[in-house]
Chemist: 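I have a structure I would like to understand better, so I am pasting it below and will then ask my questions one at a time.
Values reported hereafter were calculated over all heavy atoms of this structure, with side chains retained and with hydrogens, waters and symmetry mates removed. Since the structure is predicted, the reported quantities are computational estimates derived from the model, not experimental observations.
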There are 2 protein chains.
Amino acid sequence: MAGGRRASRHILELRHMRYFLAVAEELNFGQAAEKLGIAQPNLSQQIKALEEIVGATLFDRTQRSVKLTAAGEFFREEARQTMAHAGTALAKARRAGRGEIGHIAVGYVGSATYTGALITIMAAFREEFPQVEIDLAELEMQEQLARIAAGTLDIGFVRPPVELPLGIGTSLILQEDIVLAMPARHPLAEADVTLADLRDEPFLTPRHAANVSFRKYTTQACEAVGFTPQLGRQAADFVTIISMVAIGFGVALVPQSCQALHLPGVRYKRLQDVSVKADLSLASRRSEPSPIVRAFLQKGAQYRASLKRQE
Amino acid sequence: MAGGRRASRHILELRHMRYFLAVAEELNFGQAAEKLGIAQPNLSQQIKALEEIVGATLFDRTQRSVKLTAAGEFFREEARQTMAHAGTALAKARRAGRGEIGHIAVGYVGSATYTGALITIMAAFREEFPQVEIDLAELEMQEQLARIAAGTLDIGFVRPPVELPLGIGTSLILQEDIVLAMPARHPLAEADVTLADLRDEPFLTPRHAANVSFRKYTTQACEAVGFTPQLGRQAADFVTIISMVAIGFGVALVPQSCQALHLPGVRYKRLQDVSVKADLSLASRRSEPSPIVRAFLQKGAQYRASLKRQE
DNA sequence: GGGTGGCGATAAGCGCCACCTATCAACAAT
DNA sequence: ATTGTTGATAGGTGGCGCTTATCGCCACCC
């Protein structure tokens with residue numbers, strides 16, 4: 001009954017606010033129109049439409065001067081904030097679209113640390129995209145693959161070969177030589193040894209299925225020189241494996257970067273008759289449209305390219 | 001050179017955000033379109049236009065499901081806030097337009113307090129418009145009129161008649177009887193007196209020009225019974241005037257509501273031969289489009305109407 | 001496998017409204 | 001009176017936001 005507000009068929013748009021703010025600033029329709037790049041009559045009409053939408057006059061036009069009403073003052077403040085928000089909406093979405101902000105979860109196998117690849121790639125990524133929040137976690141390879149498939153992880157530093165879940169792919173970033181870790185007090189510790197000399201030693205490997213990563217490398221390398229290795233204990237990571245070597249549980253083929261682990265009682269040896277190389281790769285969802293993940297993968301590719309140039 | 005963002009000729013509007021939020025909520029173009037009351041193809045086009053404006057895809061349409069991209073997530077949050085702000089912009093301006101929020105500055109002459117009109121009107125206004133901030137100040141009448149003209153005061157409780165500055169008008173809210181204040185130890189203090197009996201007494205009045213307010217009432221009443229009053233001291237307010245009566249400086253014609261001032265040594269008397277009434281009015285700018293001031297004036301009119309009903 | 005139903009994208013056309021130019025009306029300044 | 005500057009009004013046009021009709025794609029289902 002009492003209400004009866006004229007139901008303007010128009011709907012509030014940002015255009016109205018842009019125009020309103022221009023007039024509120026200039027306090028002059030003509031100049032405001034010029035600043036907006038439109039004709040003055042249109043501006044008059046749009047402001048009128050806005051006033052119908054609001055249901056209150058926003059400007060006092062006293063024929064020689066334009067000034068804000070009380071309602072206009074309130075609207076001005078809110079309109080300003082609205083426009084600001086609209087602007088940041090655009091800016092944030094654009095930056096996110098270019099991968100400059102957002103979030104990425106990265107996992108890595110422990111041995112990735114020693115290669116330098118992890119540190120180098122992460123540093124390069126952080127430098128270009130400082131606004132991107134990075135979740136970093138050391139995880140076993142299978143755990144990484146499961147999480148990538150589940151969507152809780154974006155990137156994994158893994159050591160192929162390994163059977164990949166559907167929709168997940170890898171890209172190589174590093175190949176490194178494989179060296180032998182053997183106990184220092186082993187009879188052959190001071191001699192020139194070949195892999196063939198070690199046919200009776202137990203070989204320690206990561207805890208994996210037969211055809212995966214260093215379990216595969218180990219059998220592959222041994223069979224290449226004519227014997228099937230006797231598998232010893234298995235462990236989750238190379239630190240443990242090399243520790244077990246030091247204790248005397250056997251020998252192990254490890255990535256050469258693991259030589260950075262200077263454990264007492266361990267001797268590393270480059271073997272002439274081992275030509276297998278160890279891979280380090282980035283795993284990620286194949287159907288990954290996120291520009292931020294793409295950017296990370298690109299950093300990995302750049303790292304690989306920089307290595308090739310050095311050769 | 002490197003930039004090359006496709007300069008979409010479209011401009012961001014609230015419409016895009018409304019549509020986007022609907023799709024982001026439903027995750028289904030068809031249902032979102034229905035909720036918006038538009039056809040689905042248009043929605044597809046508008047979202048596409050929005051994505052061109054933003055310069056990034058906001059939804060992953062995988063043929064069977066729609067979900068937000070990272071950029072979409074960011075945009076969603078900002079768009080929500082933008083819409084919220086736009087809503088409050090409308091709401092605030094509307095309420096201001098109806099006078100429900102804002103600010104009003106009210107002045108009053110001291111004697112307005114005793115009538116009850118000031119308190120009653122202020123209370124009624126506050127109850128209906130609790131959000132309106134009220135500046136209240138006791139001011140002499142001339143000061144009020146000057147400030148109203150200058151725009152620093154919106155409403156004044158004044159006692160006409162008085163010469164009004166250009167563009168300022170008054171509306172009556174109260175008429176009250178005039179009574180005599182005389183010293184208690186005056187020879188006639190205990191007798192039945194008429195105004196005519198007091199022709200030799202000095203009459204104390206407020207400090208005004210000749211034709212203003214109680215200076216006018218006083219001369220008018222006296223001349224009505226056949227003499228020209230001898231004017232005594234003048235003071236700024238009735239408290240002072242009545243105090244001076246108590247001291248014995250003379251007598252005074254005062255509004256009957258001033259009887260609330262029970263000063264020792266003063267006797268109030270209703271005089272049969274005084275028919276002049278004292279006005280109390282609201283002064284305000286005539287060309288006052290502010291709905292909040294109009295609402296206040298209306299409260300004044302209602303108060304006057306309620307008095308008339310009681311008669 | 002072909003059918004069916006639900007999805008979003010595309011095609012083509014229509015009508016409104018945001019824009020334009022031209023002009024008016026009101027006031028100030030000279 | 002004249003002129004300049006202001007915002008409002010009149011009338012016309014083109015773009016775009018809307019529509020309906022249709023397609024292409026996938027999942028599901030006898």
Side-chain angles (χ1 to χ4, degrees), chain A residues 6-54 56-69 71-72 79 166-167 286-287 289, chain B residues 6-54 56-69 71-72 166-167 287 289:
Chain A
R6 175 186 336 286
S8 163
R9 68 193 167 293
H10 289 266
I11 289 185
L12 180 67
E13 293 294 347
L14 288 182
R15 180 186 60 255
H16 294 122
M17 295 195 174
R18 278 189 285 268
Y19 292 1
F20 170 84
L21 289 176
V23 177
E25 185 165 347
E26 300 288 329
L27 292 179
N28 178 317
F29 277 66
Q31 292 171 32
E34 188 176 5
K35 203 170 104 177
L36 290 166
I38 63 174
Q40 169 265 317
N42 181 31
L43 184 55
S44 290
Q45 290 180 345
Q46 294 297 320
I47 294 294
K48 193 175 171 184
L50 173 60
E51 289 179 326
E52 255 180 41
I53 294 168
V54 172
T57 48
L58 300 173
F59 291 106
D60 272 338
R61 290 88 140 171
T62 53
Q63 271 313 126
R64 205 62 190 171
S65 72
V66 173
K67 58 193 235 293
L68 286 162
T69 64
L166 202 67
R286 276 288 102 132
S287 63
Chain B
R6 172 184 338 285
S8 164
R9 69 194 166 293
H10 289 266
I11 290 185
L12 181 66
E13 292 294 346
L14 287 183
R15 180 185 60 255
H16 295 121
M17 296 195 173
R18 276 189 288 268
Y19 292 0
F20 170 84
L21 289 176
V23 176
E25 186 165 347
E26 299 289 328
L27 292 179
N28 178 317
F29 277 67
Q31 293 172 32
E34 189 176 2
K35 204 170 103 177
L36 290 167
I38 63 174
Q40 168 265 317
N42 180 32
L43 185 55
S44 290
Q45 289 180 347
Q46 293 298 320
I47 294 293
K48 192 174 169 184
L50 173 59
E51 289 179 324
E52 254 179 43
I53 295 168
V54 172
T57 50
L58 300 173
F59 291 106
D60 273 337
R61 290 88 139 170
T62 54
Q63 272 311 130
R64 205 63 191 171
S65 72
V66 173
K67 57 194 235 295
L68 286 163
T69 64
L166 203 67
S287 63

Chemist: How would you label the contact of Tyr19(B) with the nucleic acid (heavy atoms, under 4.0 Å): base, sugar-phosphate, or nothing?
Modeler: sugar-phosphate

Chemist: Could you tell me how far apart Ile38(B) (CD1) and dG8(C) (P) are, to the nearest whole angstrom?
Modeler: 13 Å

Chemist: Would you tabulate the pairs of protein nitrogen or oxygen atoms and nucleotide nitrogen or oxygen atoms of nucleotides 10-17 of chain C closer than 3.5 angstrom?
Modeler:
from: dT10(C); atom 1: OP2; to: Lys48(B); atom 2: NZ; distance (Å): 3.3

Chemist: Under the salt bridge (charged side-chain N to carboxylate O under 4.0 Å, His left out) definition, can you give me all pairs with a residue in residues 37-46 of chain A, not counting sequence neighbours?
Modeler: none

Chemist: I'd like to check the side-chain contact (heavy atoms from CB on, under 4.5 Å) partners of Ala56(A); sequence neighbours left out, ordered by chain and number.
Modeler: Val54(A), Ala71(A)

Chemist: Listed by chain and number, what are the ring pair (Phe, Tyr, Trp, His ring centres under 6.0 Å) partners of Phe20(B), not counting sequence neighbours?
Modeler: Phe59(B), Phe75(B)

Chemist: Tell me which residues in residues 25-37 of chain B lie within less than 4.0 Å of DNA chain D, going by non-hydrogen atoms.
Modeler: Gly37(B)

Chemist: With sequence neighbours excluded, tell me which residues meet side-chain contact (heavy atoms from CB on, under 4.5 Å) with Leu21(A).
Modeler: Arg76(A), Ala79(A), Met83(A)

Chemist: What integer distance in Å separates Glu51(A):CD from dG7(D):P?
Modeler: 13 Å

Chemist: Between atom CD1 in Ile11(A) and atom C1' in dA18(C), what is the gap in whole Å?
Modeler: 15 Å

Chemist: Give a yes/no on whether any side-chain N or O of Arg61(B) is located under 4.0 angstrom from OP1 or OP2 of dA9(C).
Modeler: yes

Chemist: Would you list the atom pairs, donor with acceptor, under 3.5 Å between side chains in residues 29-40 of chain B and any protein atom, with sequence neighbours excluded?
Modeler:
from: Lys35(B); atom 1: NZ; to: Glu26(B); atom 2: OE2; distance (Å): 3.3
from: Gln40(B); atom 1: NE2; to: Ser44(B); atom 2: OG; distance (Å): 3.1

Chemist: Excluding sequence neighbours, so at least two apart, what forms salt bridge (Lys or Arg N to Asp or Glu O under 4.0 Å) with Arg15(B)?
Modeler: none

Chemist: Can you tell if the side chain of Leu50(B) reaches within under 4.5 Å of the side chain of Met17(B), non-hydrogen atoms only?
Modeler: no

Chemist: Tell me, please, which residues at least two apart from Glu51(B) pass side-chain hydrogen bond (donor to acceptor under 3.5 Å, both in side chains).
Modeler: Arg61(B)

Chemist: Reckon Leu43(A) touches a base, only the sugar-phosphate, or nothing at all at heavy-atom distances under 4.0 Å?
Modeler: nothing

Chemist: In whole Å, what is the span from the CG atom of Leu50(B) to the P atom of dA9(C)?
Modeler: 13 Å

Chemist: Expressed in angstrom and rounded to an integer, what is the separation of Asp60(A) atom CG from dA8(D) atom P?
Modeler: 12 Å

